[in-house]
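Take a look at the structure below.
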Amino acid sequence: MGVSVDVHQLYKYPFEQVVASFLRKYPNPMDKNVLSVKITEEKRDESTGVIYRKRIAICQNVVPEILRKVSILKVPNIQLEEESWLNPRERNMAIRSHCLTWTQYASMKEESVFRESMENPNWTEFIQRGRISITGAGFLNCILETFASTFLRQGAQKVTLFLL
């Protein structure tokens, strides 16, 4: 089955400011679920100017305690991997992220784009599509997907809060 979340947001701020805010938003005291973010790879393509980054985020397990009775969900932290391609010349940044935890039971993927708004070059569009699919958890699949969908929507809303 699986659940999807789509977000389209317009920020009335320049691309460079929005992207800089996004890249430094975690960790912060307002969201204690993200414990750390580490850049594991960074390189620049000299011919195109594109900056590639790979980051790993360590997050607290936010699965409700009642569901953690299931042994596979009883982990203290969750790891997320994010890859980004920042093109300062074209004023866009593509981001792909996925969960590294529970890969045999769940698939969580997000694809996002920040780009200069066609409406106003001093504004930035944010487009995100997230998908979560849970398998192998039997009758809990639907419950976990519903929880995960809520978590994805909250994450998309946090992007808005941290960038403003």
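Along the sequence shown, residues carry numbers from 1.
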Measure the [atom1]-[atom2] distance between [X] and [Y] for me, rounded to the nearest 0.5 Å.
X	Y	atom1	atom2	result
Arg129	Ser112	CZ	OG	11.5 Å
Ile95	Glu110	CD1	CD	9.0 Å
Ile56	Glu81	CD1	CD	4.5 Å
Met93	Phe15	CE	CZ	6.5 Å
Phe22	Thr124	CZ	OG1	13.0 Å
Glu125	Gln9	CD	CD	10.5 Å

If Ile, Leu, Val, Met, Phe, Trp and Tyr residues are connected whenever their side-chain heavy atoms lie under 4.5 Å apart, and connections chain through other members, are [X] and [Y] in the same group?
X	Y	value
Val75	Met108	yes
Tyr26	Ile58	no
Tyr11	Leu86	yes
Phe126	Trp85	no

Heavy-atom pair of closest approach, residues [X] and [Y]:
X	Y	answer
Glu119	Trp123	OE2-CZ3, 3.3 Å
Ile39	Arg53	CD1-CD, 4.5 Å
Pro27	Ser36	CG-CA, 4.4 Å
Arg44	Ile51	NH1-CD1, 3.5 Å
Thr101	Ile78	OG1-CA, 3.5 Å
Arg131	Ser4	NH1-OG, 3.2 Å

(request) Please examine the side chains of Leu23 and Arg55, heavy atoms only from C-beta on, and report whether any two atoms are closer than 4.5 Å. (result)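 Yes, close enough: below the 4.5 Å cut-off.
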
(request) Kindly indicate whether the side chain of Arg115, heavy atoms from C-beta on, has any atom under 4.5 Å from the side chain of Ile127. (result) yes

(message) Looking at Lys109 and Glu111, is there a salt bridge between them, counting it only when a charged N and a carboxylate O are closer than 4.0 Å?
(response) no

Under the side-chain hydrogen bond (donor to acceptor under 3.5 Å, both in side chains) rule, collect the residues that match up with [X], sequence neighbours excluded.
X	value
Arg91	Glu16, Glu116
Glu83	Tyr52
Asn122	none

